[in-house]
Asks: 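Below you will find the structure I want to go over with you.
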Amino acid sequence: DGGITQSPKYLFRKEGQNVTLSCEQNLNHDAMYWYRQDPGQGLRLIYYSQIVNDFQKGDIAEGYSVSREKKESFPLTVTSAQKNPTAFYLCASSIGAGTGFEKLFFGSGTQLSVL
Amino acid sequence: DAKTTQPNSMESNEEEPVHLPCNHSTISGTDYIHWYRQLPSQGPEYVIHGLTSNVNNRMASLAIAEDRKSSTLILHRATLRDAAVYYCIGVQVGTYKYIFGTGTRLKVLA
(Lines give C-alpha, C1' and ligand atoms only; values in the text may rest on other atoms or scores of the structure.)
Protein backbone atom coordinates (compact mmCIF):
# COMPACT_ATOMS: atom_id res chain seq x y z
CA ASP A 1 0.00 0.00 0.00
CA GLY A 2 1.22 3.50 -0.79
CA GLY A 3 1.75 5.85 2.09
CA ILE A 4 4.07 7.71 4.41
CA THR A 5 6.13 5.92 7.03
CA GLN A 6 7.51 7.75 10.02
CA SER A 7 9.95 6.17 12.44
CA PRO A 8 10.42 5.73 15.26
CA LYS A 9 6.97 6.11 16.79
CA TYR A 10 8.52 7.23 20.10
CA LEU A 11 11.91 8.89 20.58
CA PHE A 12 13.73 10.16 23.61
CA ARG A 13 16.42 12.82 23.52
CA LYS A 14 19.06 13.57 26.10
CA GLU A 15 20.23 17.10 26.79
CA GLY A 16 22.65 18.35 24.14
CA GLN A 17 21.91 15.50 21.77
CA ASN A 18 20.88 15.70 18.14
CA VAL A 19 18.20 13.26 17.02
CA THR A 20 16.91 12.43 13.54
CA LEU A 21 13.33 11.57 12.67
CA SER A 22 12.76 9.49 9.57
CA CYS A 23 10.09 10.08 6.93
CA GLU A 24 9.74 7.90 3.84
CA GLN A 25 7.00 8.00 1.18
CA ASN A 26 6.23 5.67 -1.72
CA LEU A 27 3.53 7.87 -3.27
CA ASN A 28 5.93 9.35 -5.83
CA HIS A 29 5.13 12.81 -4.46
CA ASP A 30 7.42 15.75 -5.19
CA ALA A 31 6.58 17.87 -2.13
CA MET A 32 7.21 16.91 1.50
CA TYR A 33 6.61 18.74 4.79
CA TRP A 34 7.44 18.60 8.48
CA TYR A 35 5.02 19.88 11.13
CA ARG A 36 5.26 20.16 14.88
CA GLN A 37 2.22 19.74 17.14
CA ASP A 38 2.17 20.65 20.83
CA PRO A 39 -0.55 19.25 23.14
CA GLY A 40 -3.95 20.78 22.39
CA GLN A 41 -2.52 22.92 19.62
CA GLY A 42 -2.69 22.96 15.85
CA LEU A 43 0.14 22.05 13.49
CA ARG A 44 3.03 24.42 12.87
CA LEU A 45 5.16 24.19 9.73
CA ILE A 46 8.87 23.55 10.31
CA TYR A 47 10.27 22.92 6.81
CA TYR A 48 8.97 21.97 3.41
CA SER A 49 10.53 20.73 0.21
CA GLN A 50 9.08 21.20 -3.24
CA ILE A 51 11.60 18.99 -5.01
CA VAL A 52 14.74 16.95 -4.45
CA ASN A 53 17.77 18.96 -3.23
CA ASP A 54 15.62 21.95 -2.36
CA PHE A 55 13.84 22.93 0.86
CA GLN A 56 12.42 26.04 2.49
CA LYS A 57 12.02 27.18 6.09
CA GLY A 58 8.55 27.23 7.55
CA ASP A 59 7.36 29.28 10.49
CA ILE A 60 9.43 27.58 13.24
CA ALA A 61 12.64 26.32 11.57
CA GLU A 62 15.08 27.43 14.29
CA GLY A 63 16.75 24.46 15.98
CA TYR A 64 15.83 22.06 13.17
CA SER A 65 17.54 20.92 9.97
CA VAL A 66 16.45 18.80 7.01
CA SER A 67 17.83 17.23 3.86
CA ARG A 68 16.19 16.05 0.65
CA GLU A 69 18.68 13.88 -1.20
CA LYS A 70 16.09 11.41 -2.49
CA LYS A 71 12.53 11.99 -3.65
CA GLU A 72 11.10 9.48 -1.20
CA SER A 73 12.97 10.62 1.91
CA PHE A 74 12.86 13.80 4.01
CA PRO A 75 14.58 13.31 7.40
CA LEU A 76 14.29 15.93 10.14
CA THR A 77 17.10 16.52 12.64
CA VAL A 78 16.22 18.12 15.94
CA THR A 79 19.43 19.79 17.06
CA SER A 80 20.63 20.68 20.55
CA ALA A 81 19.76 24.29 19.70
CA GLN A 82 16.07 23.40 19.95
CA LYS A 83 15.52 24.02 23.65
CA ASN A 84 11.95 22.76 23.84
CA PRO A 85 11.78 19.77 21.48
CA THR A 86 9.07 17.77 23.25
CA ALA A 87 6.22 17.53 20.74
CA PHE A 88 4.44 15.32 18.22
CA TYR A 89 6.14 15.54 14.82
CA LEU A 90 4.22 14.92 11.62
CA CYS A 91 5.54 14.38 8.13
CA ALA A 92 3.34 14.95 5.09
CA SER A 93 3.56 14.89 1.31
CA SER A 94 1.66 16.17 -1.70
CA ILE A 95 1.93 15.57 -5.42
CA GLY A 96 3.46 18.99 -5.85
CA ALA A 97 2.77 21.75 -8.35
CA GLY A 98 1.76 24.35 -5.76
CA THR A 99 -1.66 25.09 -7.23
CA GLY A 100 -3.41 24.85 -3.88
CA PHE A 101 -5.46 21.96 -5.21
CA GLU A 102 -3.13 19.21 -3.97
CA LYS A 103 -4.15 17.16 -0.95
CA LEU A 104 -1.78 16.54 1.93
CA PHE A 105 -1.09 12.97 3.02
CA PHE A 106 0.24 12.48 6.54
CA GLY A 107 2.28 9.89 8.35
CA SER A 108 1.30 8.57 11.76
CA GLY A 109 3.77 10.80 13.62
CA THR A 110 6.72 10.58 16.01
CA GLN A 111 6.40 11.57 19.66
CA LEU A 112 9.67 13.12 20.83
CA SER A 113 10.34 13.55 24.52
CA VAL A 114 13.30 14.91 26.47
CA LEU A 115 14.88 12.74 29.17
CA ASP B 1 -1.35 33.66 4.49
CA ALA B 2 -5.08 33.02 4.58
CA LYS B 3 -6.16 33.06 8.24
CA THR B 4 -9.10 30.88 9.29
CA THR B 5 -11.25 31.02 12.42
CA GLN B 6 -13.16 28.04 13.83
CA PRO B 7 -15.05 27.37 17.07
CA ASN B 8 -12.95 25.52 19.63
CA SER B 9 -15.44 22.72 20.13
CA MET B 10 -18.83 21.40 19.08
CA GLU B 11 -21.10 18.54 20.08
CA SER B 12 -23.45 16.43 18.03
CA ASN B 13 -25.72 13.48 18.62
CA GLU B 14 -24.97 10.27 16.79
CA GLU B 15 -26.74 9.85 13.43
CA GLU B 16 -27.62 13.54 13.24
CA PRO B 17 -26.11 16.00 10.74
CA VAL B 18 -23.23 18.20 11.84
CA HIS B 19 -22.36 21.60 10.41
CA LEU B 20 -18.83 22.77 11.20
CA PRO B 21 -18.27 26.45 10.37
CA CYS B 22 -15.11 28.21 9.26
CA ASN B 23 -14.49 31.92 8.68
CA HIS B 24 -11.77 32.91 6.22
CA SER B 25 -12.43 36.58 5.49
CA THR B 26 -8.85 37.24 4.28
CA ILE B 27 -8.85 34.48 1.71
CA SER B 28 -7.93 35.50 -1.83
CA GLY B 29 -9.90 34.60 -4.91
CA THR B 30 -7.53 31.79 -5.89
CA ASP B 31 -7.04 30.14 -2.48
CA TYR B 32 -8.45 26.66 -2.10
CA ILE B 33 -10.30 25.77 1.11
CA HIS B 34 -9.20 22.44 2.55
CA TRP B 35 -10.61 20.44 5.45
CA TYR B 36 -8.68 17.78 7.37
CA ARG B 37 -9.48 15.84 10.52
CA GLN B 38 -7.24 14.34 13.17
CA LEU B 39 -8.00 11.46 15.51
CA PRO B 40 -6.07 11.25 18.80
CA SER B 41 -2.38 10.34 18.40
CA GLN B 42 -2.70 10.09 14.61
CA GLY B 43 -1.78 12.23 11.65
CA PRO B 44 -4.50 14.34 10.04
CA GLU B 45 -6.43 12.89 7.14
CA TYR B 46 -7.88 14.74 4.18
CA VAL B 47 -11.65 15.26 4.20
CA ILE B 48 -12.58 17.56 1.34
CA HIS B 49 -11.56 20.74 -0.48
CA GLY B 50 -13.01 23.27 -2.90
CA LEU B 51 -12.61 26.66 -4.52
CA THR B 52 -15.95 28.30 -5.24
CA SER B 53 -18.79 25.87 -5.65
CA ASN B 54 -20.11 23.31 -3.22
CA VAL B 55 -18.38 19.93 -3.19
CA ASN B 56 -19.49 16.45 -2.16
CA ASN B 57 -17.59 13.25 -1.56
CA ARG B 58 -18.18 10.02 0.33
CA MET B 59 -17.04 11.55 3.61
CA ALA B 60 -18.70 14.94 3.67
CA SER B 61 -20.02 17.99 1.84
CA LEU B 62 -18.44 21.41 1.67
CA ALA B 63 -20.63 24.47 1.33
CA ILE B 64 -18.75 27.64 0.36
CA ALA B 65 -20.40 31.04 0.79
CA GLU B 66 -20.87 33.06 -2.35
CA ASP B 67 -18.46 35.76 -1.10
CA ARG B 68 -15.99 32.99 -0.06
CA LYS B 69 -15.52 34.55 3.37
CA SER B 70 -16.83 31.44 5.09
CA SER B 71 -17.48 27.77 4.52
CA THR B 72 -19.23 24.89 6.28
CA LEU B 73 -18.22 21.26 6.46
CA ILE B 74 -21.29 19.04 6.60
CA LEU B 75 -21.23 15.51 8.00
CA HIS B 76 -24.60 14.12 6.99
CA ARG B 77 -24.91 11.50 9.73
CA ALA B 78 -22.38 11.73 12.52
CA THR B 79 -20.98 8.51 13.91
CA LEU B 80 -18.79 7.93 16.95
CA ARG B 81 -15.86 7.47 14.57
CA ASP B 82 -16.30 11.07 13.40
CA ALA B 83 -15.17 12.39 16.78
CA ALA B 84 -11.97 14.26 15.94
CA VAL B 85 -10.39 17.68 15.57
CA TYR B 86 -11.42 19.26 12.26
CA TYR B 87 -9.12 21.79 10.60
CA CYS B 88 -10.12 24.30 7.94
CA ILE B 89 -7.23 25.84 6.02
CA GLY B 90 -6.79 28.20 3.09
CA VAL B 91 -4.10 27.18 0.63
CA GLN B 92 -2.54 29.87 -1.53
CA VAL B 93 -1.82 29.23 -5.17
CA GLY B 94 1.91 29.25 -5.83
CA THR B 95 2.92 28.37 -2.29
CA TYR B 96 3.33 25.12 -0.47
CA LYS B 97 2.30 26.55 2.88
CA TYR B 98 -0.62 24.68 4.38
CA ILE B 99 -1.21 26.64 7.59
CA PHE B 100 -3.22 24.81 10.26
CA GLY B 101 -5.04 26.64 13.07
CA THR B 102 -6.24 25.00 16.29
CA GLY B 103 -9.33 23.48 14.65
CA THR B 104 -12.72 22.42 16.07
CA ARG B 105 -12.91 19.47 18.42
CA LEU B 106 -16.08 17.54 17.56
CA LYS B 107 -17.63 15.37 20.22
CA VAL B 108 -20.27 12.86 19.11
CA LEU B 109 -22.74 11.71 21.75
CA ALA B 110 -24.18 8.19 21.61
Side-chain angles (χ1 to χ4, degrees), chain A residues 3-7 9-10 21 23 25 27 29-51 54-61 68 74 87-112, chain B residues 1-9 22 24 27-53 55 57-60 62 64 68 71 84-105 107:
Chain A
I4 299 177
T5 302
Q6 289 188 243
S7 62
K9 190 171 178 63
Y10 300 97
L21 284 61
C23 178
Q25 55 100 356
L27 300 168
H29 285 174
D30 283 321
M32 296 187 74
Y33 312 78
W34 274 105
Y35 288 90
R36 169 180 170 141
Q37 186 173 36
D38 293 285
Q41 303 298 311
L43 283 67
R44 292 185 289 169
L45 183 63
I46 305 173
Y47 270 99
Y48 63 99
S49 169
Q50 300 173 22
I51 200 167
D54 183 61
F55 48 83
Q56 309 294 329
K57 292 182 179 180
D59 298 321
I60 55 165
R68 187 84 188 278
F74 191 41
F88 189 49
Y89 291 85
L90 287 157
C91 179
S93 71
S94 65
I95 288 176
T99 65
F101 182 80
E102 299 81 18
K103 299 182 284 190
L104 284 182
F105 294 79
F106 283 87
S108 55
T110 293
Q111 176 64 50
L112 175 63
Chain B
D1 298 339
K3 179 175 170 54
T4 60
T5 305
Q6 301 177 254
N8 287 334
S9 63
C22 179
H24 31 76
I27 200 170
S28 76
T30 54
D31 291 356
Y32 275 85
I33 300 157
H34 287 235
W35 283 81
Y36 293 81
R37 72 180 186 182
Q38 185 178 23
L39 299 171
S41 301
Q42 295 187 26
E45 66 170 339
Y46 166 81
V47 178
I48 200 167
H49 70 309
L51 184 61
T52 55
S53 56
V55 184
N57 66 21
R58 65 175 180 80
M59 290 181 71
L62 176 59
I64 302 172
R68 288 184 23 96
S71 62
V85 177
Y86 287 78
Y87 297 97
C88 162
I89 62 176
V91 184
Q92 285 183 291
V93 173
T95 79
Y96 288 76
K97 297 185 77 173
Y98 294 69
I99 307 299
F100 287 74
T102 53
T104 296
R105 182 173 299 277
K107 185 175 181 179

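Lettering follows sequence order; numbering is per chain, from 1.
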Asks: Can you name the residues that form a ring-ring contact (aromatic ring centres under 6.0 Å, His included) with B:His49, not counting sequence neighbours?
Replies: A:Phe101, B:Tyr32, B:His34, B:Tyr46
Asks: Measure the OH-OH distance between B:Tyr98 and A:Tyr33 for me, rounded to the nearest 0.5 Å.
Replies: 4.5 Å
Asks: CD1 of A:Ile95: more than 12 outside heavy atoms within 6.0 angstrom?
Replies: no
Asks: Non-hydrogen atoms of chain B under 4.5 Å away: do they reach the side chain of A:Phe105, the backbone, both or neither?
Replies: neither
Asks: Suppose the criterion is salt bridge (Lys or Arg N to Asp or Glu O under 4.0 Å): which pairs have a residue in residues 88-97 of chain A, not counting sequence neighbours?
Replies: none
Asks: What's the shortest heavy-atom distance between B:Pro44 and A:Leu90, and which atoms?
Replies: CD-CD1, 3.9 Å
Asks: Would one find more than 12 heavy atoms of other residues, nucleotides or ligands at under 6.0 Å from atom CG of A:Asp54?
Replies: yes
Asks: Using a 4.5 Å heavy-atom cutoff, which residues in residues 41-48 of chain A come close to chain B?
Replies: A:Gln41, A:Gly42, A:Leu43, A:Leu45, A:Tyr48
Asks: Does any N or O in the side chain of B:Tyr36 come within less than 3.5 Å of the main-chain N or O of A:Leu104, such that one atom is a donor and the other an acceptor?
Replies: yes
Asks: According to the salt bridge (Lys or Arg N to Asp or Glu O under 4.0 Å) rule, which pairs have a member within residues 85-94 of chain B, sequence neighbours left out?
Replies: none
Asks: So what's closer than 4.5 Å to chain B heavy atoms on A:Gln6: side chain, backbone, both or neither?
Replies: neither
Asks: Are the side chains of A:Asp59 and B:Lys97 in contact, using a 4.5 Å heavy-atom criterion?
Replies: yes
Asks: Is B:Tyr96 close to chain A through its backbone or its side chain, or both, or neither, when contacts mean heavy atoms under 4.5 Å?
Replies: both
Asks: Are more than 12 heavy atoms from other residues, nucleotides or ligands located less than 6.0 Å from atom CZ of B:Arg105?
Replies: no
